[in-house]
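Just so we're clear, the structure is a prediction, and the values are computed from it rather than from any experiment. We name chains A, B, ... by the order of the sequence lines, and we start the count at 1 in each one.
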Amino acid sequence: MKRSFVLFAGISLAALAGCGNPTFTPRTNAPPGAVAEYYENTETQGRSIRLTEGVAIAIECSDKKGHPCSLDGSRMDDEGVATVRRAYGALDQKLVYSGASNKSYENRAVFVVVGKKAGKTKLMVRTGNGDVDVEIDIRAR
Amino acid sequence: MTFRSLLFIPAVAALGVVAGCGSDSGTTGALGQSSTTADCAPNDTACQNDGLDAPLAEGATLPINVRITAKGVAAPKLTLESARTDVVAVDSGQLVGKGAGFSSVLMLGEGGVVMDFVTLTVERPDRVELYRLDASGGAEPSPLPQKIQLAPGDDFEVSVKAFSGATRLLGELDGGWSLEGNAAMMLDSGRKGSRRVRAKAPGSARLVIKTSSFEKSLDLEVLP
């Protein structure tokens, strides 16, 4: 019983400390007949976004500590294939710290990827706690 | 059915009513922070309620109104940007259907920050129809037949609408308007994509519009 309590406490502490991976959460969908999808493999840390050309997707980003990503300096390798822009998200604020006497909320970080033409490229997202590469796959209609 | 479940039904109905209240016309942006409507005639309720919920016709122009609806946010100066300018072009606040496909239209605030976006479909029309417009520019529900009769002095405004299957496509098509015959005269109505026709004297005339892909005509018989 004592051992399982220590294990639970350890997991809880790790979760609070945000020792996980950056979190990407899609916030928009595609129109009928088009694709706007996000895939990730937490084992390989492989991440990819698939879009029909002309379609955009908005993704919320949290860094590995659970804070909203900084996004400053994020870039797309080939802007002829896809572009990335910061977005404004009038969403509820994100609780990033909750201690005995303090709580801290921050604005959520959202970016938009726009598929320009069929092809593949790579997006580097600057989270503020490490950079993340995302494969971008833009498909013809 | 228990008393508790009987209470549940009106509660759900009330929630539905509350959810319905405050719903806005037009198309809500993907991020839920904007509302976009076609710039419609004042009493064209179908146009005003539909927003952008139909494909834009290839070759057509669609003036739009964009409102930022994020709570507590005064709308900043907006710039519209098309994801694919070969599908949708943005020209002074108007969308122009350039070619079939999808294109997101981004609403950009200061510093290029995306406030919201809508994704449009552009379709190639498979037919066009002529519609009589009322005084405020709203189209009548049904298209004009092939032939109509007029008395001297009658006049009306006519516009051309594009279709793909059963779907009336968005946007104003412009093309070459011409009038054959002396029984009527054609005037520029001042509205893009429409013309005013006035019956002059007994006889016949034919109104013709030629777009890039279609030709549509309306026979006019002016009675004594």
Side-chain angles (χ1 to χ4, degrees), chain A residues 25-38 49-61 68-76 79-93 107-119 121 136 138-141, chain B residues 27-35 51-56 67-90 95 97-124 164 167:
Chain A
T25 310
R27 290 292 180 197
T28 59
N29 212 332
V35 170
E37 296 169 339
Y38 170 70
I49 291 171
R50 290 180 195 164
L51 293 172
T52 302
E53 56 184 349
V55 173
I57 187 172
I59 292 182
E60 186 183 345
C61 178
C69 297
S70 73
L71 299 180
D72 292 334
S74 299
R75 65 171 185 273
M76 193 72 72
E79 296 213 323
V81 173
T83 57
V84 62
R85 286 179 181 275
R86 178 188 285 274
Y88 171 77
L91 309 164
D92 56 319
Q93 296 218 340
N107 293 328
R108 292 173 187 267
V110 180
F111 65 89
V112 170
V113 175
V114 181
K116 307 284 278 186
K117 71 171 184 190
T121 185
I136 305 292
I138 309 300
R139 297 173 172 199
R141 184 188 182 190
Chain B
T27 296
T28 303
L31 288 165
Q33 300 175 164
S34 69
S35 175
L52 303 182
D53 294 342
L56 176 62
R67 288 191 307 117
I68 296 300
T69 56
K71 287 178 183 170
V73 177
K77 180 185 168 190
L78 290 177
T79 308
L80 301 179
E81 184 179 294
S82 171
R84 289 188 63 192
T85 51
D86 58 330
V87 174
V88 175
V90 178
L95 305 180
K98 304 294 274 186
F102 295 110
S103 181
S104 292
V105 175
L106 308 178
M107 299 141 200
L108 304 177
E110 220 168 285
V113 171
V114 179
M115 299 298 294
D116 211 338
F117 63 87
V118 291
T119 302
L120 288 169
T121 309
V122 176
E123 292 285 353
R124 183 165 298 158
S164 177
T167 304

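With a threshold of 4.5 angstrom between heavy atoms, B/Val113 approaches chain A through its backbone and through its side chain. Residue B/Val118: no heavy atom, backbone or side chain, is found under 4.5 Å from chain A. Looking at A/Val112, the atoms closer than 4.5 Å to chain B (heavy atoms on both sides) all sit in the side chain, from C-beta outward.
The most heavy-atom pairs under 4.5 Å with chain B, out of A/Arg27, A/Lys117, A/Glu53, come from A/Glu53. In terms of non-hydrogen atom pairs under 4.5 Å with chain A, the most contact-rich of B/Thr119, B/Thr121, B/Leu120, B/Val88 is B/Thr119.
Here B/Thr85 contributes atom OG1 and A/Lys116 contributes atom NZ; the two are 7.0 Å apart, rounded to the nearest 0.5 Å.
Between A/Val114 and B/Glu81 the shortest side-chain heavy-atom distance does not fall below 4.5 Å.
A pairwise comparison of heavy atoms in A/Pro32 and B/Phe102 identifies O-CZ, 3.5 Å as the closest pair. A/Tyr88 and B/Leu31 get closest at one heavy-atom pair: O-CD1, 4.1 Å. Nearest heavy-atom pair, A/Gly54 versus B/Ala83, reported as atom, atom and distance to 0.1 Å: O-CB, 3.5 Å.
Annotation: A/Arg141, atom CZ; neighbour count of heavy atoms from other residues, nucleotides and ligands within 6.0 Å is above 12. Heavy atoms from other residues, nucleotides or ligands lying under 6.0 Å from CD of B/Glu110 number 12 at most.
Panel note: side chain B/Ser104, backbone A/Ala56; a donor-acceptor pair is recorded below 3.5 Å.
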